[in-house]
S.K.: 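Got a structure for you, written out below as structure tokens; questions coming shortly.
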Amino acid sequence: SDAIFKESLGIIFSSSPNHIMDIGGNTGKFTLEVCKYNKDAHVTIVDLNKQLIVAKEKIKASGFIDRVTFLAQNILSEKIDLPKDTDVIWMSQFLDCFSEKEGEDILNKIAASNKPVIFVSGHFANFELMAMELDKFGIKLAAIYRPLNNFFLNPLMEYLRMKYIC
């Protein structure tokens, strides 16, 4: 997913967010790209403490430590306290790390936050199913995808996606 960070930032910042929450921020790669892209943006990384230690080192070395908040929380915890002042939530290839039940619990927490969410996932099998599942949780979404290589099949798939899925 690292390859799409820069491309995604234009979409994210088209709504002029000031504060982005990066759930499952890992070592801070996305956060670093946000800080490079927009000099005024603030990011809160939510992850386990051992991941945040690595992220903090990298972000400090890059000179952006004053624009990042590190929040050590286990997203699976019953008593999670996500920041309320964020404009956008970013989750990159994160949900596939959990069981179906855990994923549902995370989606319920995200839906309850009532914030715009950006999910990033590889084009594995039938990504349209992800859109259908997210819709069940009341999460409004739009899908961005790369057209199929088969230029005969792509128009049919676009029609089906627009009519029945997204």
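In this text, all values refer to a predicted model and were calculated from it rather than measured experimentally. Along the sequence shown, residues carry numbers from 1.
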S.K.: For the residue pair Pro17 and Val88, what are the closest heavy atoms and their distance?
M.R.: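 Pro17 and Val88 have their closest heavy atoms at CB-CG2, 3.9 Å.
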S.K.: For Phe30 and Leu9, run side-chain contact (heavy atoms from CB on, under 4.5 Å): C-alpha distance rounded to whole Å, both residues' side-chain angles, the deciding distance at 0.1 Å, then the answer.
M.R.: CA-CA 10 Å; Phe30 174 73; Leu9 291 170; 3.9 Å; yes
S.K.: Would you indicate whether the side-chain heavy atoms of Phe70 and Ile65 approach each other to under 4.5 Å?
M.R.: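 In contact.
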S.K.: Look at the side chain of Arg67 and the backbone N and O of Ala41, then say whether any donor-acceptor pair between them is shorter than 3.5 Å.
M.R.: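 Checking the backbone N and O of Ala41 against the side chain of Arg67, a donor-acceptor pair under 3.5 Å is found.
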S.K.: Hey, could you give me the CH2/CD1 distance between Trp90 and Ile12, rounded to the nearest 0.5 Å?
M.R.: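 Reported value, rounded in 0.5 Å steps: 4.5 Å.
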S.K.: Run through Asn26, Thr27, Ile45 and flag the one making a side-chain contact (heavy atoms from CB on, under 4.5 Å) with Leu52.
M.R.: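 When side-chain contact (heavy atoms from CB on, under 4.5 Å) is applied between Leu52 and each of Asn26, Thr27, Ile45, only Ile45 qualifies.
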S.K.: CG of Asn149 to CG of Leu153: how many Å apart, nearest 0.5 Å?
M.R.: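 Separation between the atoms: 10.5 Å.
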S.K.: How far apart are the closest heavy atoms of Gly28 and Ala55, and which atoms are they?
M.R.: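 Reported closest heavy-atom pair: N-CB, 3.8 Å.
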S.K.: What distance do Asp40 atom CG and Phe13 atom CZ have between them, rounded to the nearest 0.5 Å?
M.R.: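 The CG atom of Asp40 sits 9.0 Å away from the CZ atom of Phe13.
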S.K.: Taking C-beta and beyond as the side chain, do Asn18 and His42 meet within less than 4.5 Å on heavy atoms?
M.R.: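 No, their side chains stay 4.5 Å or more apart.
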S.K.: Looking at side-chain heavy atoms only, is the closest gap between Leu32 and Tyr37 below 4.5 Å?
M.R.: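 With C-beta onward as the side chain, the pair stays apart.
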S.K.: Taking it one step at a time, do Val34 and Phe64 satisfy side-chain contact (heavy atoms from CB on, under 4.5 Å)?
M.R.: CA-CA 10 Å; Val34 168; Phe64 298 119; over 6 Å; no
S.K.: Flag yes if Val46 and Leu76 sit in one hydrophobic cluster, no otherwise; membership is Ile, Leu, Val, Met, Phe, Trp, Tyr, and two members link when side-chain heavy atoms are under 4.5 Å apart.
M.R.: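 Looking at the clustering, Leu76 is in the same group as Val46.
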S.K.: Rounded at 0.5 Å granularity, tell me how far NZ in Lys29 sits from NZ in Lys58.
M.R.: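 If we round to the nearest 0.5 Å, Lys29:NZ and Lys58:NZ are 6.0 Å apart.
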S.K.: To the nearest 0.5 Å, how far apart are NE2 in His19 and CE in Met21?
M.R.: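 Going from the NE2 atom of His19 to the CE atom of Met21 covers 7.5 Å.
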S.K.: Quick one: pull up CD in Gln73 and OG1 in Thr44 and give me the separation to the nearest 0.5 Å.
M.R.: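 That separation rounds to 10.5 Å.
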S.K.: Do Phe152 and Leu156 land in one hydrophobic cluster if side-chain heavy atoms of ILVMFWY residues count as linked below 4.5 Å?
M.R.: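 No, separate clusters.
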S.K.: Under the criterion salt bridge (charged side-chain N to carboxylate O under 4.0 Å, His left out), I'd like the reasoning laid out for Glu33 against Lys36: C-alpha separation, chi angles, the key distance, then a yes or no.
M.R.: CA-CA 5 Å; Glu33 292 301 323; Lys36 291 174 192 173; 3.7 Å; yes
S.K.: Please determine whether side-chain contact (heavy atoms from CB on, under 4.5 Å) holds for the pair Ile89 and Ile23, giving the CA-CA distance in whole Å, both sets of side-chain angles, and the decisive distance to 0.1 Å.
M.R.: CA-CA 7 Å; Ile89 299 171; Ile23 296 181; 3.6 Å; yes
S.K.: Identify the heavy atoms of Val68 and Ile59 that sit nearest to each other, and give their distance.
M.R.: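 Taking every non-hydrogen atom into account, CG2-CG2, 3.8 Å.
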